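Since the structure is predicted, the reported quantities are computational estimates derived from the model, not experimental observations. Sequential numbering from 1 along the given sequence is applied to the chain's residues. Order of listing sets the numbers, starting from 1, for every ligand and every atom in it.
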Amino acid sequence: MDMEKMMSDLHKSGYFISKQHLCGFSISGKTDELDPLWIQEHLDSQWLGRHICCFDQLDSTNDLAQMLAQHHAPEGTAVLTDYQTSGRGRVGRVWQIPPGRGLLFSFLLYPSMEAAKIPLLTLATAVGAVKALIQTTGVDAGIKWPNDLIVQNRKLGGILSEARFAGSCLSHVVIGVGINVHTQRHEWPVELRDTAISLQQATGIFFNRNELFSAICRECEHSYNQTFHDPDPIIQDWTRYSKTLGKEITVQTPSEEYHAVAEGISGDGALVVRTGQGEMRTIYMGDISIRHGRRQNDD
Ligand code: BTN
């Protein structure tokens, strides 16, 4: 067996391998413990993830990032943890994943943009994360509006963006991302077993979370820079990776539920749908489920 092939097989099985200048390879054991020093050495982003706070356990990375914002932590600061005791999802849901099984992090941004455009940062994060996942793992990852990362029609990850204002001025935005990396079927609560998926379940491969995270920093930085400058290409990329558009969906808003077809995404990140009566509606808040090929409990 040639050396490169052997190293590639070991890497797929979860061994952490780095190429050493002049003297071949170093193999550091089957682990993907979060390693901020490794990440900082291997990052090729300019500002995103350049300051990293990494913990074994936290209530929620979003909460810690909010606290760091009060202390004026630098733009692009990232908070990572192995486990959250009070991880939060959208619309007040709990986001729970066993220790060491997920990539859980938050970015802190101080964008100068109108409040109405903040949802674009969530779309930009989804685009960056999907690109990084495809490049790093080869999975056919996509996006379900507004911010679910999906693989094989199941939820691989989610994004929770939280903005804070000083009066009417945007002070900062915390963007929290949770990606299921190693969770096994038996580790999911029964009600999620058919709707959630991890990278390891989807591919059989043990991906290293440090490598995934540094690829996400690179791609999200590119997406954010683009969004600050001209968001059109982000909307185009979002459309390209969308697994929602053109599909029959059920829309659940705080006030109603109805069937529609997902037609497009507006310039400020809202979903444009056509109802059964042919009426076009723009949805800023709510949830959708895809009706075709729908699984039980699909969310
Ligand atoms: C969702 O799909 O509902 C969004 C889930 C977002 C979860 C991430 S995990 C890291 C960050 N910290 C949190 O408490 N939530 C986000």
Side-chain angles (χ1 to χ4, degrees), residues 34 36 39 48-49 52-69 73 76-109 118-119 121-130 132-133 141-151 153-164 172-183 188-189 191-192 195-199 209 212-213 216-217 220 238 242-244 252-254 269 271 285-290 297-299:
L34 295 173
I39 294 169
L48 192 63
I52 296 180
C53 304
C54 187
F55 300 84
D56 290 344
Q57 180 174 314
L58 279 179
D59 295 352
S60 152
T61 56
N62 270 31
D63 290 349
L64 192 86
Q66 291 289 359
M67 215 173 78
L68 292 175
T77 295
V79 178
L80 286 114
T81 192
D82 233 18
Y83 181 60
Q84 297 183 126
T85 52
S86 310
R88 287 182 280 112
R90 285 179 60 241
V91 288
R93 293 187 190 124
V94 169
W95 177 271
Q96 185 86 51
I97 177 165
R101 296 303 205 216
L103 181 54
L104 313 172
F105 61 92
S106 300
F107 291 136
L108 173 59
L109 308 180
I118 296 168
L121 290 175
T122 309
L123 299 193
T125 308
V127 166
V130 158
L133 285 166
I143 308 168
K144 193 188 99 178
W145 187 88
N147 53 14
D148 283 356
L149 308 176
I150 58 173
V151 168
N153 286 329
R154 298 183 188 194
K155 182 157 171 165
L156 178 77
I159 302 166
L160 176 67
S161 302
E162 297 176 313
R164 293 284 185 274
H172 62 267
V173 182
V174 166
I175 302 178
V177 180
I179 298 176
N180 300 306
V181 182
H182 306 305
T183 317
W188 296 111
E191 65 278 12
L192 294 183
T195 57
I197 195 164
S198 67
L199 284 172
R209 291 177 298 164
L212 287 173
F213 180 72
I216 289 172
C217 286
C220 282
W238 191 94
S242 165
K243 303 278 186 192
T244 306
Q252 292 118 3
T253 71
L271 184 69
M285 266 177 64
D287 259 332
I288 60 163
S289 43
I290 297 169
N297 298 326
D298 197 2
D299 170 61

Self-check item: Note, I52 side chain near F213 side chain (heavy atom, < 4.5 Å)
Solution: yes
Quiz prompt | Side-chain touch L58/L104, heavy atoms, less than 4.5 angstrom | solution = no
For a distance cut-off of 3.5 Å, show me each N or O of ligand 1 paired with any protein N or O, plus the separation.
residue, atom, partner, partner atom, Å
ligand 1, 2 (O), K155, NZ, 2.6
ligand 1, 3 (O), R90, N, 2.7
ligand 1, 12 (N), T61, OG1, 3.0
ligand 1, 12 (N), Q84, OE1, 2.9
ligand 1, 14 (O), S60, OG, 2.8
ligand 1, 14 (O), R88, N, 2.7
ligand 1, 15 (N), R88, O, 2.7

Quiz item: Cut-off 3.5 Å, side chains only: do S198 and T183 have a donor facing an acceptor?
Solution: no
Exercise. Mind checking the CD1-CD1 spacing from I143 to I159? Nearest 0.5 Å is all I need.
Key: 7.5 Å
Practice problem: Check the pair D148, R90 against salt bridge (Lys or Arg N to Asp or Glu O under 4.0 Å), reporting the backbone distance first and the verdict last. | Solution: CA-CA 10 Å; D148 283 356; R90 285 179 60 241; 5.3 Å; no
Quiz item: Atom CG in L48, atom SG in C220: separation rounded to 0.5 Å?
Solution: 6.5 Å
